[in-house]
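Quick note: numbers below take in every heavy atom, side chains included, and nothing from hydrogens, waters or symmetry partners. Protein chains get the first letters and strands the later ones, always in sequence-line order, with residue 1 at the start of each.
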Number of protein chains: 2
Amino acid sequence: MADTTDDQIPIWCAGEDWCPITATALLIGKKWHPVIIHRLLDNGPLGFNALKAEVDGISSKVLSDSLEDLEQKTLIDREIISEKPFRVQYSLTPRGESLEAVILEMRDWGQTYLVPADDQDSSVA
Amino acid sequence: MADTTDDQIPIWCAGEDWCPITATALLIGKKWHPVIIHRLLDNGPLGFNALKAEVDGISSKVLSDSLEDLEQKTLIDREIISEKPFRVQYSLTPRGESLEAVILEMRDWGQTYLVPADDQDSSVA
DNA sequence: CTGTATCCACAACGATACTG
DNA sequence: CAGTATCGTTGTGGATACAG
C-alpha cells in the first residue's frame, strides 16, 4: 500500500503468541477506539473538541491518549490546518477506514444482542 | 435467526452513555475473550485445560476469570459432564455463536492489515 | 482551540503455588 | 482434571487544572 505520509508502518503487532484476533481485539478493545473511528467514519475529519463532542463522555486526557495511540498505529491522521488559531484535523487513514466492516459488525451485533434496555418503551418497536 | 426464546436478557449492557459499539468493544476487547470464543467456535465444546491449551499463553487464573465473565454474559455455557473424574465442558450459547461474524471480521482484518510477520518471513522475535 | 500535567482508582494480566 | 488463592505489576480511565 502507498503510505500517505512520512510515516513508515511500525510493526506494533509483533509478538510471540501472535494471533490476529487478539491483536485486533487489543486494538479496538480500548473502549473509546472503535467509537472514535466510527465517529470519524460518520462525520469525516474533525477537530479535537468537535471529536470530543461527538464521542461524548470522554475526557481530554483520554481522547488525547487514544488519538496518540491510534496515530501511532497509523489508523488516523493528524493534520494541522491552521497555525494562528491553532487548529487540527483528525481523519482516518486508509487503514483506519478499512476497519469500517469490523466496527459496523460490532455495532450491528451490539444492537441486536445487547439490547439497549435503556429505552425499550418506544424505540425498540 | 429466530431465537426469540431468550427473553431473560441480563442487562449487563445498561449504561448512561450507551453505545452498541462501545458495549461490544468492552465485551470482546478483553484480550482473551474473542480468542476463547473463536476456539470454541472452531473446536466445539472443550474442557478447561483443553481450552487452555487451545488458547495458548493464558494462565489458569485469567482463563477462569474470563470464563466466569463470559458465562455471566451468557455467551458461553458451562456444563459438568462427569462428577467422578470431575469434568466440565464449555460451549457457546446461541448468543456466543452469533459473535462469529464479528470475530471472523476481526480475524480477517487482523490478518490483512496487521500483517503477521509470519507471512512475510520477518522474524521479529 | 488544543492539548498536557498530575493524581488517583480500579480493573486486567500474570506467575506461582496450592486444593478437591 | 478443574480450578482458587495471593500478590504484584501494568494498563486504562477519569477528574481537574493548567498551558501554548
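A/Lys31 has its NZ atom 14 Å from the C1' atom of C/dA12, to the nearest Å. Taking atom CG on A/Leu46 and atom C1' on C/dT2, their separation rounds to 14 Å, with Å as the unit. Between the CG atom of A/Leu51 and the P atom of C/dC1 there is a distance of 13 Å, given to the nearest Å. Protein atom CD1 of A/Ile81 is 11 Å distant from nucleotide atom P of C/dG3, rounded to whole Å. Between the CG atom of A/Asp56 and the P atom of D/dG14 there is a distance of 12 Å, given to the nearest Å. Regarding A/Ile58, its CD1 atom lies at a distance of 15 Å from the P atom of C/dT2, rounded to whole Å. The distance from atom CG of A/Leu63 to atom P of C/dT4 is 10 Å, rounded to the nearest whole Å. The separation between A/Lys30 atom NZ and C/dA12 atom P is 14 Å, rounded to whole Å.
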Distances for protein N/O vs nucleotides 2-6 of chain D N/O pairs under 3.5 angstrom?
unit_1 : atom_1 : unit_2  : atom_2 : d
D/dA2  : OP1    : B/Val88 : N      : 3.2
D/dA2  : OP1    : B/Val88 : O      : 3.4
D/dA2  : OP2    : B/Phe48 : N      : 3.2
D/dA2  : OP2    : B/Asn49 : N      : 3.1
D/dG3  : OP1    : B/Arg78 : NE     : 3.2
D/dG3  : OP1    : B/Arg78 : NH2    : 2.6
D/dG3  : OP2    : B/Tyr90 : OH     : 2.7
D/dT4  : OP2    : B/Ser64 : OG     : 2.4

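We find the CD1-CD distance between B/Ile37 and B/Glu97 to be 11.0 Å, quoted to the nearest 0.5 Å. Here A/Leu67 contributes atom CG and A/Leu70 contributes atom CG; the two are 6.5 Å apart, rounded to the nearest 0.5 Å. For the atom pair CG (A/Leu51) and CD1 (A/Ile76), the distance works out to 7.5 Å, reported to the nearest 0.5 Å.
Side-chain atoms of B/Ser82 do not come within 3.5 Å of backbone N or O of B/Arg87 as any donor-acceptor pair. Proximity of a side-chain donor or acceptor of A/Ser98 to a complementary backbone N or O of A/Arg95 within less than 3.5 Å is detected. B/Ser64 places no side-chain N or O within donor-acceptor distance of the main-chain N or O of B/Ser60, the cut-off being under 3.5 Å.
Summarising the geometry of A/Arg39 relative to A/Leu46, their closest heavy-atom pair is O-CD1, 4.5 Å, with the distance given to 0.1 Å. Minimum heavy-atom separation, B/Phe48 to B/Leu63: O-CD2, 3.7 Å.
Within the 4.5 Å cutoff, the side chain of B/Leu75 has heavy atoms near those of the B/Leu27 side chain.
Across residues 36-44 of chain A, not one residue has a non-hydrogen atom less than 4.0 Å from an atom of DNA chain D.
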